[in-house]
Amino acid sequence: METIRLGFIGSRFAAELHAHSLSRIRGSKCDIVAVCSKTRARAEAFARAWGSQFVVAGALGHINSASGLGARASGRAVLEELLTAEEAG
């Protein structure tokens, strides 16, 4: 069975719709490994609903350099850590 690993930007209606739809693909397993949300409570609820680990990663970068959040490399590093932990089981 193929495993599809997903990350979502946002944790409301569109994310729920996509997660539900992708989880129903025959012959595959859907793992949600990351979600980015403005609202911590909503991100926690989304992670809990989809059986994902909840981790507060903080501000890890942004595609808008004027935001002052820094390079996206730090966000990628956290995502790679989550994927490695997921693979290790």
Side-chain angles (χ1 to χ4, degrees):
M1 176 179 287
E2 179 185 8
T3 299
I4 301 169
R5 293 190 182 122
L6 303 167
F8 288 95
I9 298 174
S11 58
R12 294 195 177 268
F13 178 76
E16 291 284 351
L17 178 68
H18 284 55
H20 179 72
S21 297
L22 292 166
S23 72
R24 299 180 53 86
I25 296 173
R26 291 184 186 169
S28 66
K29 180 177 182 269
C30 175
D31 287 339
I32 297 173
V33 297
V35 62
C36 173
S37 180
K38 289 195 257 181
T39 309
R40 179 182 176 146
R42 185 65 196 132
E44 284 181 281
F46 186 86
R48 190 173 40 255
W50 290 98
S52 301
Q53 176 185 5
F54 179 76
V55 177
V56 176
L60 296 173
H62 196 275
I63 59 173
N64 176 3
S65 62
S67 69
L69 292 174
R72 292 187 295 171
S74 58
R76 183 181 178 110
V78 170
L79 180 57
E80 288 174 359
E81 274 183 42
L82 292 171
L83 289 171
T84 300
E86 177 73 23
E87 288 173 357

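The first residue in the sequence is number 1, and the count goes up from there.
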For L17, the other hydrophobic cluster members (4.5 Å side-chain criterion, sorted by chain and number) are F13
Residues passing the salt bridge (charged side-chain N to carboxylate O under 4.0 Å, His left out) test with R48, sequence neighbours excluded, are none
Those residues at least two apart in sequence (or on a different chain) that pass salt bridge (charged side-chain N to carboxylate O under 4.0 Å, His left out) with R12 are none
In this structure, OG of S52 is separated from CD of E44 (nearest 0.5 Å) by 12.5 Å
By side-chain contact (heavy atoms from CB on, under 4.5 Å), A19 pairs with (sequence neighbours left out) F8, I32, F46, W50
Hits for side chain to side chain donor-acceptor pair (under 3.5 Å) against S37, two or more places apart or cross-chain, chain-then-number order -> S11
### Query
S23 side chain to H20 main-chain N or O, any donor-acceptor pair under 3.5 Å?
yes
Review point. Going through the checks in order, is the salt bridge (Lys or Arg N to Asp or Glu O under 4.0 Å) test met by E2 and R26?
Key: CA-CA 10 Å; E2 179 185 8; R26 291 184 186 169; over 6 Å; no
Review point. Quick one: are I25 and I4 in side-chain contact, heavy atoms under 4.5 Å?
Key: yes
Query - Side chain proximity check, L22 to L6, heavy atoms < 4.5 angstrom - result: yes
